[in-house]
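Data first, discussion second: the structure below is written as structure tokens.
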Amino acid sequence: MKNRLFVDTCLNQLTLVLQIDESKFDKVILTSKNQVAEMLIPSIKSLLERNGFKFNQIVEIYITYGPGSYTGERLGLTFAKIYSLLNKDVKIYTISTLQAMMIDDSISICLIDARNDASFTGVYQLGNPIQKDARLEKNEVESLIEKYPNAKLLCLDSQKEIFSSRFNKEVIGIDYSTSLIKNAKYFKLVTNPIDLKPIYLRGKNGY
């Protein structure tokens with residue numbers, strides 16, 4: 001029996017998914033960003049214990065490094081660093097928050113709201129990046145939509161209304177916890193977790 005723990009703290013919420021085998025998984029979603037820091041460790045412990053595992057029995061950690069919330073990005077990576085010091089056998093894997101959202105059988109334009117009509121944006125084809133993740137203004141995303149007319153426009157299910165009103169194209173809201181598991185094969189193994197760094201994206205005007 002294996003246990004993969006997926007952790008995302010970048011998106012103003014806490015998303016934890018414990019995958020035990022190919023068909024069995026359990027999850028915790030906390031949508032209040034004010035609870036993420038204080039509830040991260042207790043939520044992981046509770047998730048593990050109700051599935052028969054102890055805190056020190058995590059085999060693999062799959063974690064996102066941003067873009068997203070400035071504080072949230074650091075929180076998740078700090079957890080991974082500390083856990084790797086406590087358990088030398090754990091394997092740590094990372095991925096961009098945007099790449100974790102993609103659908104790997106098509107061109108995906110993945111979006112996270114960055115306020116003021118801007119978007120954290122990543123473009124992927126068959127699971128691989130074809131444009132570097134960036135913070136783009138509305139008109140820049142519209143240019144991408146024109147460049148890739150057959151692409152799927154993806155966002156978090158909770159942000160679908162935002163992007164549906166922002167762009168004149170069908171927007172697909174994804175179940176993020178399910179997407180993490182589906183894209184597990186694209187996470188990269190980290191050789192030295194202590195060197196983990198978040199990705200902070202800024203626009204052309206420095207914000």
Side-chain angles (χ1 to χ4, degrees), residues 1-69 71-84 86-87 90-104 108 110-113 120 122 127 154-162 171-190 193 196 198:
M1 181 180 295
K2 64 182 178 181
N3 55 85
R4 291 174 166 180
L5 178 65
F6 294 82
V7 180
D8 182 278
T9 57
C10 299
L11 300 175
N12 285 327
Q13 65 178 40
L14 174 61
T15 302
L16 302 174
V17 183
L18 179 65
Q19 184 180 17
I20 299 169
D21 55 37
E22 294 302 322
S23 60
K24 184 178 180 181
F25 67 92
D26 194 2
K27 63 183 178 181
V28 171
I29 310 291
L30 293 178
T31 57
S32 173
K33 65 180 181 180
N34 297 325
Q35 292 183 305
V36 174
E38 64 181 89
M39 293 303 297
L40 176 59
I41 301 302
S43 296
I44 291 173
K45 285 184 175 180
S46 175
L47 178 61
L48 290 166
E49 288 173 0
R50 75 185 184 213
N51 287 282
F53 297 103
K54 296 180 180 179
F55 188 72
N56 63 356
Q57 290 182 311
I58 302 174
V59 175
E60 298 174 347
I61 294 175
Y62 291 72
I63 194 157
T64 58
Y65 53 75
S69 161
T71 302
E73 291 176 27
R74 292 180 296 166
L75 178 63
L77 294 182
T78 298
F79 162 72
K81 292 179 182 181
I82 294 174
Y83 193 90
S84 71
L86 298 175
N87 183 350
V90 72
K91 292 182 179 180
I92 308 290
Y93 299 82
T94 62
I95 199 172
S96 154
T97 320
L98 290 161
Q99 189 171 11
M101 295 167 56
M102 68 185 176
I103 297 174
D104 66 3
S108 300
C110 302
L111 304 171
I112 299 170
D113 184 40
F120 296 126
L154 306 170
C155 70
L156 302 174
D157 192 56
S158 60
Q159 295 185 356
K160 182 176 179 179
E161 185 174 342
I162 294 173
V171 180
I172 301 173
I174 63 163
D175 180 327
Y176 189 56
S177 58
T178 301
S179 186
L180 287 170
I181 293 177
K182 287 183 177 179
N183 289 319
K185 61 185 176 183
Y186 296 108
F187 283 68
K188 303 296 184 183
L189 179 64
V190 177
L196 282 170

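Note that this is a predicted model, so its numbers are computed, not measured. For reference, positions follow the sequence shown, starting with 1. These numbers come from the heavy atoms of this one structure, side chains and all, not from hydrogens, waters or symmetry mates.
Here the closest non-hydrogen pair linking P198 and L77 is N-CD1, 3.3 Å. When every heavy atom of V171 is checked against every heavy atom of K160, the shortest pair comes out as O-CE, 3.2 Å.
Between the S108 side chain and the I103 main chain, a donor and an acceptor come within less than 3.5 Å of each other. No donor-acceptor pair under 3.5 Å is formed between the side chain of Q159 and the backbone N or O of L156.
One side chain, K27 or S177, offers a donor N or O that lies under 3.5 Å from an acceptor on the other. Checked by atom type, the side-chain pair N56/N87 shows no donor-acceptor distance below 3.5 Å. Counted by atom type alone, Y186 and D104 present one or more donor-acceptor pairs between their side chains at under 3.5 Å.
Classification of the Y62-Y93 ring pair by plane angle, with boundaries at 30° and 60°, yields parallel.
Around the NZ atom of K91, the shell of radius 6.0 Å holds no more than 12 heavy atoms that belong to other residues, nucleotides or ligands.
Here the two rings, on F25 and F6, have centers that are 6.0 Å apart or farther.
Of the residues V7, L30, L180, the one that meets the side chain to side chain contact (heavy atoms under 4.5 Å, CB included) test with T15 is L180.
Remark: L98 CG to L154 CG distance equals 10.5 Å, nearest 0.5 Å.
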